[in-house]
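Here's the structure, in structure tokens; my notes come after.
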Amino acid sequence: MNRLAYIGIVVAAVFILTAIFAPLIATHDVTAINTAMRYAAPSAEHWFGTDAIGRDVFSRVVYGARISLEVGIVVVVVSSILGVFIGAIAGFYGSWTDKFLSGYVFNVFLAFPGLLLAIALVAFLGAGLGKLILALCIIGWVGYARVMRGQVLKIREYDFVQAARALGASDFRILFTHIMPNAIQPLIVQASLGMAGAVLSEASLSFLGLGIPPPAPSWGTMLEEGRGIDILYNAPHVLFFPAIAIALTVLSFNFIGDGLREYLDPKQRKR
Amino acid sequence: MKYKVLNFLRQTALLLLVVWTVVSLVTLLIELVPGDPATAILGEQATPEQIQGFNKTHGLDKPPFFFSYNSEKGFVWNGADNRYLDYWKGVLTGDLGNSFRTNRPVLGMILARYPSTIELAIAAMIIAVGIAVPLGVLAGTNKNSLIDNFSSFIALLGISLPTFVIGPFLVYLFAVKLEWFAPTGSANPEDIILPAVTLGAALSAIITRMVRSSVIEELGEDYVRTARAKGLSEKTVIYKHVLKNGLIPVVTILGLQLGVLLAGAIITEKIFNWQGLGLLLLDEGIGKRDYRLVQGCVLVIAVTYILANSLTDLVYRRLDPRIRLS
């Protein structure tokens, strides 16, 4: 893998560990209000300063990792299971099933700009963690389905699959014990890029006020709270730290995804 | 010829099918509202008469679809007098209904804001191309040099940094620190620069990478050697021969990205308080629970996105004979 992918792995590991051990790392209660300390600059007491109502920005960024990780993992797991299942059916059964799924259903989901669909769903369903995750899964599964379909179309023609079929293996067995293990590599790449996408989409929706409602410390909500022009003049730290957290996290998963893709694709691998 | 016509018909049928599905999904979105829209708009204190009047005004007293499911009666056929068909009739006659809040026609509200969003998207595209083409050519002609690495780094940042990170950073740098531009609004002509750069950053990064790899690929072609052997200057070779072929994929990505820009403009408009369609959707639509307006905005953005993508596909087919013939 390339050097950037290793950097990505290190940053992603820091992000995941921060999310897991957030209660141990955070220095303050994330919801504790202290109006006497509004917009305090970074100091030994508050490493990243404080926000509009005196909450500790460092602790909120740390807990924000937890929200991002939670959303990212659930969205990747649910949408990958759904996408893999639908993609496998499309690729394996071919014919009209494939024409309907890949020719029509996939195109409909790809025709809708992902963020717009998520915005529309959340706008009508209402804000909240569960609804946000549901919206992101609805827009996320099609990526996995396309990858899986392509893999199944290729692998189902291999001799070992034909041999399994000749031995009388059921469709289910052929799909899940013979094809799946050989189709998993590009799905891992997709999952890594999907993680970056989910973190970004969660932050985008929270930034627009359609994600996780305050006072939960979502990075997107923190950015939204810190982007006022007065705040940028007087307390830019309120905006900068969550912005850096989002950028680093998204970059790390993109680096990992790109690195894995390059590593798993012999044509792109530098020898 | 027969293949061409069949292919065109197939593409058109798919386009119509996709548009039909998108419109249908948008039409039915209103059914997702917890409770009912009338209570959401009028509040818990609204009298049954007020709710009834509201529902009648906006056609919400009709059944949502051709059939409905009832736990007691099972599937019930509602006939053609339903909200789904009404919305479709409206869409086909250019009527997207009236705003739940202001009772003004939704289409009029959208058309008043649409030009601002298009203006922003086009400005973003111009800035993106203006930065990316020279940068991509420089990187491609100086492969593996410092310039190449620098442009790759800039491109990577542009792709990875989300709009809502780039935007506030640009405001901080150019409006707060340097005071070159106003932080928000669109009062002066130059106010478009920061939002356009924010919106175009990712596109610029994508095009830079694309132009770079195109230039590298084209530089290895026989016609470039011939052009050089004829004694043409390197500048003529690059800008007259290499770029002409190398820009074909860029045209495609521009078309595909027009739709992405229109959708992405929602966040940029919010950051810069740019009075476009995105801000209308967020502030007037979602913010005030004006579901009819949300439906209209989502529909217009989605259909623009689909049409932009389809048009690009057509243009690309005309530009590149290999695709036309395959």
Side-chain angles (χ1 to χ4, degrees), chain A residues 4 103-105 107-127 131 196 199-201 203-210 219-220 223-224 226-234 236 238-240 242-255 258, chain B residues 10 14-15 17-22 25-26 29-34 37 40 156-157 159-169 171-172 175-177 182-184 259-260 262-264 266-267 270-271 278 281-282 285-287 289 291 294-295 297-299 301-306 309-310:
Chain A
L4 284 178
Y104 172 60
V105 180
N107 274 322
V108 167
F109 276 88
L110 293 171
F112 234 118
L115 184 65
L116 181 70
L117 184 57
I119 288 174
L121 286 169
V122 176
F124 284 96
L125 288 167
K131 289 160 185 170
V199 169
L200 194 57
S201 300
S204 304
L205 287 173
S206 296
F207 178 79
L208 294 174
L210 299 169
W219 289 340
L223 271 184
E224 158 58 11
R227 72 181 183 92
I229 194 71
D230 292 342
I231 306 171
L232 279 179
Y233 267 109
N234 303 314
V238 179
L239 176 95
F240 284 179
I244 290 167
I246 294 172
L248 283 178
T249 307
V250 173
L251 260 175
S252 68
F253 283 103
N254 277 336
F255 281 166
D258 281 345
Chain B
R10 201 180 67 84
L14 181 66
L15 173 68
L17 202 59
V18 169
V19 171
W20 169 75
T21 313
V22 167
L25 286 175
V26 171
L29 270 177
I30 211 158
E31 309 309 323
L32 296 176
V33 178
L156 195 69
L157 276 186
I159 288 175
S160 302
L161 291 180
T163 316
F164 53 86
V165 170
I166 296 177
F169 268 103
V171 171
Y172 179 72
V176 174
K177 285 284 162 196
T184 57
V260 177
L262 287 172
I266 298 171
I267 294 178
K270 182 169 167 85
I271 298 168
L281 168 68
L282 288 173
I286 299 172
R289 292 194 187 172
Y291 297 115
V294 176
Q295 271 182 313
C297 291
V298 171
L299 185 69
I301 298 174
V303 171
T304 312
Y305 182 87
I306 296 168
N309 285 358
S310 306

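The chains referred to below are lettered A, B, ... by the order of the sequence lines, with proteins before strands, and numbering in each begins at 1. In what follows, every heavy atom counts, from backbone to side chain, and hydrogens, waters and symmetry copies are set aside. These numbers were taken from a predicted model, which means no experiment stands behind them.
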| request: Sort out for me which of B:Val176, B:Val165, B:Val18 touches chain A most, counting heavy-atom pairs under 4.5 Å. | output: B:Val176

| task | Go through B:Leu29, B:Val294, B:Ile306 and name the one with the most non-hydrogen pairs under 4.5 angstrom from chain A. | result | B:Leu29

Looking at [options], which one has more heavy-atom pairs under 4.5 Å with chain B than the rest?
| options | answer |
| --- | --- |
| A:Val122, A:Leu208, A:Leu251 | A:Leu208 |
| A:Leu210, A:Leu110, A:Leu200 | A:Leu200 |
| A:Asn254, A:Val250, A:Leu239 | A:Leu239 |

| B:Phe164 side chain near A:Ile246 side chain, heavy-atom distance below 4.5 Å |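 Yes, their side chains come closer than 4.5 Å.
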
| query | Tell me, side chain or backbone of A:Ala203 under 4.5 Å from chain B's heavy atoms, or both, or neither? | reply | both

Residue part contacting chain A, namely of [X], when any heavy atom lies under 4.5 Å:
| X | value |
| --- | --- |
| B:Ile286 | side chain |
| B:Leu161 | side chain |
| B:Ile271 | both |
| B:Val26 | side chain |

| query | How are the rings of B:Tyr172 and A:Phe240 set to each other: parallel, tilted or perpendicular (split at 30° and 60°)? | reply |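 The arrangement is perpendicular - the two ring planes meet at more than 60°.
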
